[in-house]
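Data first, discussion second: the structure below is written as structure tokens.
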Amino acid sequence: MDAQDTMQDQPMPRGALAKIEHILRTAETDADGNIGLGALSDALEERAFALLLLILALPCCLPFVYLLPQIVALPMVFLAWQMARGRRSPWLPETLRRRQLPVKALLDVTARVKRFAGWLERLAHPRLVGLTGLAGMRTLGALLIIPCLSILVPLPLTNTVPGIGVAIASAGLIERDGLFVVLGLLVGLVWVLALVIGGPTIIYFLVDWLRLRVAAA
């Protein structure tokens, strides 16, 4: 029995990030160390939507992580939309199923998130469980579409904080912690609202400042 078989026989650990590490370490990868998004989705069982959303949201949580947020953003929107429609398990079109994710990079991101926010994960435990049931998942999915769309926008300040919000809400769904679900939604939605309201104002002041600089020159 090799090391991977031994890990697969181990029970799923407690904690959302620990579950993600376990899944990624036991996943079958190709010769380049990648796993297809479809294969990863198929490997998930209970709470598949939340686990998959958390895996995809993690690269968006850290600043200066490039390429991965652009790879995962569209599947995140698609998953949130399916949750809003009341699907019990994820379905991905073939174009998204073939999308390759680098397992080593995802494990590195997970380790970095655990280093900075592992204490937050330990606070999660079952409470307000009604918010994590089927009806709660539909509402959560509808609201998560907004921060997921923000991550899809390739502009500064549009992915890190919304990604954190999606990750917290997903972790709350995994651990059946309604308080975490609400906290994650607030983080993501308030930030997007601030960008929508404050973005044009910031652009206006920057343009005005540049115009004054040019006039002074």
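In this text, all values refer to a predicted model and were calculated from it rather than measured experimentally.
Taking both residues in full, the closest heavy atoms of S150 and L195 are given as OG-CD1, 4.3 Å, listed atom of the first, atom of the second, then distance. Here the closest non-hydrogen pair linking W91 and F78 is O-CE2, 3.1 Å. When all heavy atoms of G172 and V181 are compared, the pair lying nearest together is C-CG2, 3.8 Å. Residues V166 and M76 come closest through the heavy atom pair CG1-CE, 3.8 Å. Nearest approach of I20 to I55, heavy atoms of both residues: CD1-CG1, 3.1 Å. Taking both residues in full, the closest heavy atoms of V129 and R176 are given as CG1-O, 3.5 Å, listed atom of the first, atom of the second, then distance.
A salt bridge does not link R112 with D108: none of the charged nitrogens is closer than 4.0 Å to a carboxylate oxygen. The existence of a salt bridge linking E94 and R99 is excluded, since no basic side-chain nitrogen approaches an acidic carboxylate oxygen closer than 4.0 Å.
With contacts defined as side-chain heavy-atom distances shorter than 4.5 Å, the pair P59/L106 qualifies. The shortest distance between side-chain heavy atoms of R127 and E175 does not fall below 4.5 Å. Looking only at side-chain heavy atoms (C-beta outward), L186 and V182 come within less than 4.5 Å of each other.
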### Message
One pair to check against side-chain contact (heavy atoms from CB on, under 4.5 Å): L131 and T139. What are the steps and the verdict?
### Response
CA-CA 9 Å; L131 297 177; T139 304; over 6 Å; no
### Stepwise side-chain contact (heavy atoms from CB on, under 4.5 Å) check, Q100 with I35
CA-CA 6 Å; Q100 296 295 305; I35 183 171; 5.7 Å; no
#### Entry: Step-by-step side-chain contact (heavy atoms from CB on, under 4.5 Å) determination, L52 to L37
CA-CA 9 Å; L52 196 52; L37 184 59; 4.1 Å; yes
### Message
Evaluate R25 against L107 for side-chain contact (heavy atoms from CB on, under 4.5 Å), listing each step before the verdict.
### Response
CA-CA 8 Å; R25 291 188 187 281; L107 283 169; 4.0 Å; yes
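Rounding to the nearest 0.5 angstrom, the gap separating the CZ atom in F49 from the CG atom in L79 is 6.0 Å. Atom CG of L40 is separated from atom CG of L51 by 9.0 Å, given to the nearest 0.5 angstrom. Taken from CG in L17 to CG in L58, the straight-line distance is 6.0 Å, to the nearest 0.5 Å. Taking CD1 from I164 and SG from C61, the interatomic distance works out to 5.5 Å, rounded to the nearest 0.5 Å. To the nearest 0.5 Å, atom CG of residue L144 and atom CG of residue L185 are 5.5 Å apart. We find the CG-CG distance between L74 and L149 to be 9.5 Å, quoted to the nearest 0.5 Å.
Side-chain atoms of E21 never come within 3.5 Å of backbone atoms of T110 as a donor-acceptor pair (strictly under, hydrogens ignored). Between the side chain of E28 and the backbone N or O of T26 there is no donor-acceptor pair closer than 3.5 Å. The backbone N or O of P126 lies less than 3.5 Å from no partner atom in the side chain of D177, so there is not a single donor-acceptor pair. Judged by distance alone, the side chain of S170 and the main-chain N or O of L53 form no donor-acceptor pair under 3.5 Å. Counting only distance, with no hydrogens or angles, the side chain of D32 and the backbone of N34 share no donor-acceptor pair below 3.5 Å.
Both L152 and M83 are assigned to one and the same hydrophobic cluster, defined by single-linkage of ILVMFWY side chains at heavy-atom distances under 4.5 Å. At a threshold of 4.5 Å between side-chain heavy atoms, the hydrophobic network of Ile, Leu, Val, Met, Phe, Trp and Tyr places L173 and L179 in two separate groups. No path of Ile, Leu, Val, Met, Phe, Trp and Tyr side chains, each step under 4.5 Å between heavy atoms, connects F180 with L128, placing them in separate hydrophobic clusters.
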